[in-house]
Amino acid sequence: MLSRGVVLNEMERNRKIANLSIGGLANATNESLSTLRYWLKNGLLKSHDITKGGHYRFNPSAVKRVKKIRDLQSERLTIDEIRGRVANG
């Protein structure tokens, strides 16, 4: 049987994953903060929330989206082409 501390630690870890900061997203994807901010500014990446203090928050699906953007860049697509592809799936 799991102790209460182990269960609480797992719940806290899941909460953090479900609510990534831009720094957490950068760590999870090995991308720089400036790259993620550039993608936000250009509509390639979207946050699910912005806190009262102006901090972006991301769902775990953002990790997959970042990887997809990077894969599409390796195909030498333009920003507009990438934006269209990530918007459609």
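Residues passing the salt bridge (charged side-chain N to carboxylate O under 4.0 Å, His left out) test with Arg65: none are found, sequence neighbours excluded. Evaluation of the salt bridge (charged side-chain N to carboxylate O under 4.0 Å, His left out) rule for Asp71 yields no partner, not counting sequence neighbours. Under the salt bridge (charged side-chain N to carboxylate O under 4.0 Å, His left out) criterion, Arg70 pairs with Glu31, sequence neighbours left out.
Put simply, the side chain of His48 gets close to the backbone of Arg57: a donor and an acceptor are under 3.5 Å apart.
In this structure, CG on Asn19 lies 7.0 Å from CG on Asp49, to the nearest 0.5 angstrom. The line from CG of Leu44 to NZ of Lys68 is 12.0 Å long, rounded to the nearest 0.5 Å. Between Ser21 atom OG and Leu33 atom CG the span is 8.5 Å, to the nearest 0.5 Å. Rounding to the nearest 0.5 Å places OG1 of Thr78 at 10.5 Å from CG of Leu72.
In terms of heavy atoms, Leu40 sits closest to Leu45 at CD2-O, 3.3 Å.
For residues 33-46, the side chain to side chain donor-acceptor pair (under 3.5 Å) pairs, not counting sequence neighbours, are Ser32-Ser34, Ser32-Thr35. Here salt bridge (charged side-chain N to carboxylate O under 4.0 Å, His left out) pairs that include residues 74-84, with residues two or more places apart or in two chains, are Glu75-Arg85, Asp80-Arg83.
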Open item on the list: Using side chain to side chain contact (heavy atoms under 4.5 Å, CB included), reason through Val63 and Leu20 one step at a time and then give a plain yes or no.
Closed with: CA-CA 10 Å; Val63 174; Leu20 288 170; 4.0 Å; yes
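A heavy-atom distance below 4.5 Å is found between the side chains of Thr29 and Leu25.
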